[in-house]
Amino acid sequence: MLDPKAVRSDTTTIAAALEKKGFQLDVAQLESLEEQRKVLQVEVESLQAQRNKRSKSIGQAKAAGEDIEPLLAEVNELKSQLEQIDGKLNDIQARLDDILWGIPNIPDPQVPEGASEDDNVEIHRWGEVPSFDFEVRDHVDLGAGSGQLDFEGASKITGSRFAVMHDQLALMHRALIQFMLNTHTQEHGYREVYVPFVVNSDSLRGTGQLPKFEEDLFKLHGDQAFYLIPTAEVPVTNLLRDEIVPADALPMKFVCHSPCFRSEAGSYGRDTRGMIRQHQFEKVELVQFMKPEDSEGALESLREHAETILQKLGLPYRAVMLCGGDLGFSAARTYDLEVWLPSQATYREISSCSNFRDFQARRMKARWRNPEAKKPELLHTINGSGLAVGRTLIAIMENFQQADGSITVPEVLRPYMGGLERIS
RNA sequence: GGUGGGGUGGCUGAGUGGUCGAAAGCACUGGUCUUGAAAACCAGCGUGUCGAGAGGCACCCAGGGUUCGAAUCCCUGCCCCACCGCCA
């Protein structure tokens, strides 16, 4: 959420800044509601002040044994006035809140202009794109060849956009998770955390998936509004919801492995083949909380932490900065890491690293005590995938495939796989 | 699933209809004292919002309700603790 005060006072400036994201802020409506709110609120509060005063004097009069009837009549009149105006205020306030919770974060000035991912700006490339002296197979064919990747089975069990893995492939999938977690805890200073994979709606509001993007989520049936997590970002970031942390606890860095569940509504027909876009996938997520002045630098280092995984695995990739139109709802600035996929002869997203500034923190009331300030201040949050496990597996299969359809296991994974050098 | 007890400020914990945003203790901050520290003593110390300020308003798990007035009474929900049942 943006600072409501800023939205109030700099409405047009903010509306202009949001255009980069392709978001149209209804300035006229906002201003009109705000004007009404102000008047009504002043009125309600002054009526409340009067009521409180009279009620107090009723108590005193009663104690003194005086007649309270005239006072009662007076205060009853106030009460009915108050009820009427308060009802109007609540209505206006609810409408303002709806607008406020639905405004995306303001993109950073350095975010490039653009409407879609085609306008993202490449920052750098790493590694050499492999060349093959045989016909390249995609991960679906490679998996079918070894009989270790089964989409029909998954389709029978559940439906489309799920996968079943067997044997060495399942082992490598698991090894990737261990490798990523160990690297981030042992080399990058993250605390490992295990969290619920089912969350309530407050948590989703906190990180920004709700109220606008409910259709992207799997919602559980039941009395309570529970959802499957679309990313570990949701439970981990919400660890600090309604908390005030001391300055010396910052920065806080968490790494969390979790499954992620996404409905993929609106992506019919996209990436229907294979394991690129699934309803369920594993991800190792990096989440950090820090003082506002540290978040820009922290995003750079978090991106490097994610890049380290790709480098250690020897996977060619590039880093891009997302343009305004491709930026997520809550993000002020995002780097995507894209891994090379030989079968598609292109780079595909494997990690997304974002700075949310105080946008999520304001929604969550996640704060810290700045010793130099009198009041608690909002934290900054950043996060990024380190990495998406399923897509990493695909990238390894395709980049390290051999003419015979076998796959060379990256050196760093072998200790996690009993020394296995090749999947065949 | 059953029975009982609870959810109050950073923590512990008092408060069961009126001057309570809330006692007390701990923690924390500042001061006195001390060579320094500790102890002792004094003072300060929740969050949000409106206001230049004085101050107003709201917040005692959440949402409704009763009342002139609710932390306190009623209803619903959520959560926690104890015991019983069931269970990976």
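Numbered from 1 within each chain, the chains take letters A, B, ... in sequence-line order. Computed over heavy atoms, backbone and side chain alike; hydrogens, waters and symmetry mates excluded.
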Base, sugar-phosphate alone, or nothing: which one does A:Gln224 contact when heavy atoms must sit under 4.0 Å apart? sugar-phosphate
Check the distance between B:rU29's P and A:Asp248's CG and give it to me in whole angstrom. 11 Å
Counting only side-chain heavy atoms from C-beta out, which of B:rC68, B:rA58, B:rU49 sits nearest to A:Gln48? B:rA58
NA contact type, A:Pro246, heavy-atom cut-off 4.0 Å: base, sugar-phosphate, or nothing? nothing
P spacing across the pair B:rG36 / B:rC26, given as an integer number of angstrom: 25 Å
Selection from B:rU49, B:rC68, B:rG48 that lies nearest to any side-chain heavy atom of A:Gln41: B:rU49
Send over the distance from A:Asp242 CG to B:rC79 P, rounded to a whole Å. 16 Å
Tell me what A:Asn52 touches on the nucleic acid: a base, only sugar-phosphate, or nothing, going by heavy atoms under 4.0 Å. sugar-phosphate
Looking only at side-chain atoms of A:Glu45, point me to the closest of B:rG56, B:rC68, B:rC50. B:rG56
A:Pro376 has its side chain closest, among B:rC68, B:rU47, B:rU49, to B:rU47
Separation of B:rA62 atom C1' from A:Arg205 atom CZ, nearest Å, is 14 Å
Counting side-chain heavy atoms from C-beta on, which of B:rC79, B:rC68, B:rC57 comes nearest to A:Ala49? B:rC57
What distance, rounded to whole Å, do you find between the two C1' atoms, one in B:rG10 and one in B:rU29? 13 Å
Flag the pair A:Glu411 and A:Lys312 as a salt bridge only when some basic side-chain nitrogen lies within less than 4.0 angstrom of an acidic carboxylate oxygen. no
If we ignore hydrogens and angles and just use 3.5 Å, is the side chain of A:Ser32 paired with the main-chain N or O of A:Ala28 as donor and acceptor? no
Nearest-nucleotide 5' precedence on RNA chain B, A:Arg367 against A:Val75: A:Arg367
On a whole-Å scale, what distance lies between the C1' atoms belonging to B:rG9 and B:rG48? 14 Å
d(NZ, A:Lys365; C1', B:rG9) in whole Å: 16 Å
Roughly how far apart are A:Ser406 OG and A:Gln401 CD, rounded to 0.5 Å? 9.5 Å
Pair assignment for B:rU47, Watson-Crick or G-U wobble, requiring both distances under 3.5 Å: B:rA58
With both distances under 3.5 angstrom, what nucleotide forms a Watson-Crick or G-U wobble pair with B:rA40? B:rU32
Here the distance between atom P of B:rG10 and atom CD of A:Glu243, to the nearest Å, is 10 Å
If you measure from the Lys or Arg side-chain nitrogens to the Asp or Glu carboxylate oxygens, is any gap between A:Asp202 and A:Arg363 under 4.0 Å? no
Would you kindly give the CG-to-P distance between A:Leu89 and B:rA58, to the nearest whole Å? 12 Å
Touch class at under 4.0 angstrom, heavy-atom based, for A:Lys53 against every strand present: nothing
Using the C1' atom as the point on both nucleotides, what is the distance between B:rC61 and B:rA71, in whole Å? 12 Å
Complementary nucleotide of B:rC11, counting Watson-Crick and G-U pairs under 3.5 Å: B:rG25
Answer for the Watson-Crick or wobble partner of B:rC86, both distances under 3.5 Å, is none
Say you pick atom C1' in B:rG25 and the same atom in B:rU8; how far apart are they, in whole Å? 15 Å
Between B:rG48 (P) and A:Arg363 (CZ): distance, integer Å: 19 Å
Integer-rounded Å distance: B:rG46 P and A:Arg369 CZ: 9 Å
SB check A:Glu264 A:Arg161 (cutoff 4.0 Å): no
With rounding to whole Å, what would you report as the distance between B:rU12 and B:rC84 at their C1' atoms? 31 Å
Taking B:rA22 as the reference, what is the distance to B:rU76 when you measure between their C1' atoms (whole Å, please)? 27 Å
Closest nucleotide among B:rG48, B:rU49, B:rC68 to the A:Arg51 side chain: B:rC68
Whom does B:rU66 pair with, Watson-Crick or G-U wobble, provided both distances fall under 3.5 Å? none
Please report the distance separating the P of B:rC80 from the corresponding atom of B:rC28, rounded so that it comes out in whole Å. 31 Å
Toward the 5' end of RNA chain B, which comes first, A:Lys56 or A:Asn76, by nearest nucleotide? A:Lys56
Given that both distances must come in under 3.5 Å, which nucleotide forms a Watson-Crick or G-U wobble pair with B:rG4? B:rC81
Could you tell me whether A:Arg54 and A:Glu74 make a salt bridge, using a distance below 4.0 angstrom between a side-chain N and a carboxylate O? yes
Pairs under 3.5 angstrom only: tabulate donor-acceptor contacts from the side chains of residues 248-262 of chain A to other protein residues two or more places apart or in another chain.
from: A:Lys253; atom 1: NZ; to: A:His188; atom 2: O; distance (Å): 2.7
from: A:His257; atom 1: NE2; to: A:Glu282; atom 2: OE1; distance (Å): 2.6
from: A:Arg262; atom 1: NE; to: A:Pro230; atom 2: O; distance (Å): 2.9
from: A:Arg262; atom 1: NH2; to: A:Pro230; atom 2: O; distance (Å): 3.0

Using a strict 4.0 Å threshold on nitrogen-to-oxygen distance, state whether A:Lys156 and A:Glu152 make a salt bridge. no
